[in-house]
Amino acid sequence: MRLDYFRQFRLLTAGIAFLLGTSLAHAESRHAIAMYGEPALPPDFVSLPYANPDAPKGGRIVFGNTGGFDSLNPFAQKGTYPWQMPFWSYESLMGRSWDEPFTLYGLLAESVETPPDRSWVEFTLREEARFSDGSPVTVEDVIWSYRTLGTEGHLRYRGFWSRIASIEATGPRSVRITFADDDRELAMLAGLRPILQKAQWEGRSLAEGSIHDIPIGTGPYVVSAYEPGRYVSFARNPDYWGAHLGFRRGTMNFDEMRIDFFGDGAVLMEAFKAGELSAIREFNAQKWDSAYDFPAAQRGDVIKTEIAHGKPSGMTGFVINTLRAPFDDWRLREALLLAFNFEFINDTVTGGVMPRITSYFSGTDLAYRPGPASGREGELLAPFAADLPPGTLEGYALPRGDGTARNRANLRRAAQMLEKAGFRIEQGQLLDSEGTPLVLRFLLRQGDSDMQTVLEIYTRALERLGIAARIEKVDNAQYTARVADLDFDLTPFRRDLSLSPGNEQRLYWGSQSAGQPGSRNLMGAASPAIDAMIDAMLAATTQEEMTEATRALDRVLTAGRYVIPIWRFDVGRIAHIRQLRFPPNPPIYGDGPQYMPDVWWYQD
């Protein structure tokens, strides 16, 4: 018996050694890693394809944000920080090219190594990598950053930490992460964690501290001046360690980047017209055509630039909190969609020129096709047929209005749907089965004038159905706190989506994140079908498999009636002073914060 035990033990250890050896034999150290296929750029690339490697350095650019800030720590759960800060002051082991669906190139790490099954990943740090105070980036900093962000940091970092089986130094400049789950994307996500300096936080928690506790990073910019709630200024670090890298050449060209804060969008716009701001993004096509004829624009001192992109529409609209009854009933949500007179609202607010979002991935090959689900898409959904919302398998399309202000046909259909859901009208009020009036609370951030106009039109339609609607306008701090507590019925919602969707989908609408404080699953979706489609998407080993799984996911989300979609931003619109220049070839992801101001420059 004892001999049999030791024989089995030796066979087991030999088998493990063989498997490890096979895994190691197939692992290859490379300069880049792609989710599917091969990286587009060679190891010696001069610059990213959408950057100008000869762009001059210098100048100053000023942006405007609405609201305020009470923290300069973008990694803690508490506080509101300037949203641009993580892009400018911090770096990860790998950096993303925004001209490919999902490819990472070495940044703090000079190379990446992983086996075909991507069960682990190993990074080798660049010897010259430095923090902004000049101290070297070490393997100890990397391991501490992963562990601390995963246990004390913002919720968005904690899910990844739970999927790490081990993290260990394998050499003076190398670190290996072994994963607990079979998920090929984890090796990619591992390269995107921000790296912070361990010594700065010795003996205290990253989650605590005042506004003056600014984490030390490795990025090209450091905070040079600030006044809480009013402005924060970033200076380009003249000793930035990575200026010689092809990944950085032609990027981060301004000597100073400043953010001023304003109470609302109207005041911010007036500051731009007065020359206090350098650039502004416009999301309303009607305003783009009519509101930019002020004197500076007429003189040519302000220029309007449109930038095309090939990314998914994502989802913009009003998210419905299904964690609250009666919004957990799809029939009520369908009635709310029918009452939303998009055609009339779009014509009123944007001049009717902006197309509507039709699904979460609309505008790309990842969007589900009209009509019944077929092929692999149908096979993935078939096991959940009994529990899927109506229209998922058969084909679902958003209700269309007739373009008139009354929208009578759709309101009649909405009333019929409400009756099926157990509601009745008495004395002009819509009552549930227990006689309680239905009251909708819309949570809105102060200064959001476009959404205010949309809701004023929408609430009039709801009143014709007997639904009382309340618009609750709160300041930035209150809004952030209430959304984190999921304290709303409906609220404006935006989720940007990628051409290579991955684990972020679990955060956005996975069951595990439903109902958690601070969750990004604001809709409260808790659907086995959604979870299974995300699993299938993450298990895909080819672009084709990923596409079919994403189309199936898109179907379930759209037919779930979780969001009332509005218009899609089919082109980026940036108005800017004439001294700002940019390369002529934008990336496929368009004008996001990784493009402007990353590859722009100042030239008088």
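Position 1 is the first residue of the sequence; numbering continues from there. The model shown is predicted, which means the values in this text are computed figures rather than measured ones.
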Check: Could D255 and R236 be called an ion pair, given the rule that one side-chain N must be under 4.0 Å from one carboxylate O?
Finding: yes
Open item on the list: Salt bridge check, D365 against R551: does any charged N sit closer than 4.0 Å to a carboxylate O?
Closed with: yes
Q. Side chains of T316 and F569: does their closest heavy-atom pair fall under 4.5 Å?
A. yes
inquiry  = Donor-acceptor pair, distance only, cut-off 3.5 Å: does the side chain of R158 make one with the backbone of G153?
reply    = yes
Exercise. Salt bridge or not for E377 and R369, using N-O below 4.0 Å?
Worked result: no
Take Q197 and S135 through the test side chain to side chain donor-acceptor pair (under 3.5 Å) and record every step on the way to the result.
-> CA-CA 9 Å; Q197 187 185 66; S135 61; 2.7 Å; yes
**Prompt:** Any donor and acceptor pair, going by atom type alone, linking the side chain of S89 with main-chain N or O of Y221 inside 3.5 Å?
**Reply:** yes
For R520, the salt bridge (Lys or Arg N to Asp or Glu O under 4.0 Å) test, sequence neighbours excluded, returns none
The salt bridge (Lys or Arg N to Asp or Glu O under 4.0 Å) partners of R147 (sequence neighbours excluded) come to none
Salt bridge between D239 and R130, side-chain N to carboxylate O under 4.0 Å?
-> no
Which of F102, Y50, Y589 passes side chain to side chain contact (heavy atoms under 4.5 Å, CB included) with S97? It is Y50
- Message: Strictly below 4.0 Å, N to O, side chains only: are E185 and R163 in salt-bridge contact?
- Response: no
Between F234 and W88, what is the ring plane arrangement, given parallel below 30°, perpendicular above 60°, and tilted in between?
-> perpendicular
Tightest non-hydrogen contact, residues V121 and A190, listed as CG1-CB, 4.0 Å
Q: Applying side chain to side chain donor-acceptor pair (under 3.5 Å), run through Y360 and Q505 and close with a yes or a no.
A: CA-CA 11 Å; Y360 290 67; Q505 305 298 302; over 6 Å; no
Exercise for review: State whether the number of non-hydrogen atoms from other residues, nucleotides or ligands found under 6.0 Å of E128 atom CD is greater than 12.
Suggested key: yes
ask   = Where does the angle between the aromatic ring planes of H576 and F582 fall among parallel (under 30°), tilted (30 to 60°) and perpendicular (over 60°)?
value = perpendicular
**Message:** Could you check whether atom CD of Q512 has more than 12 heavy atoms from other residues, nucleotides or ligands sitting under 6.0 Å from it?
**Reply:** no
Note: I588 and D99 closest approach over all heavy atoms is N-OD1, 3.1 Å
**Request:** For the residue pair T558 and S359, confirm or rule out a side-chain donor-acceptor distance under 3.5 Å.
**Result:** no
| task | Using distance alone, with no hydrogens and no angle criterion, decide if D133 and Q200 have a side-chain donor and acceptor under 3.5 Å apart. | result | no
Applied to residues 74-97, the salt bridge (charged side-chain N to carboxylate O under 4.0 Å, His left out) test, sequence neighbours excluded, yields K78-E208, E91-R248
Exercise. For N73 and S71, test the side chains for any donor-to-acceptor distance below 3.5 angstrom and give the result as yes or no.
Key: no
| task | I would like to know whether E122 and W120 meet side chain to side chain donor-acceptor pair (under 3.5 Å); could you show each step before the answer? | result | CA-CA 7 Å; E122 185 168 309; W120 55 266; over 6 Å; no
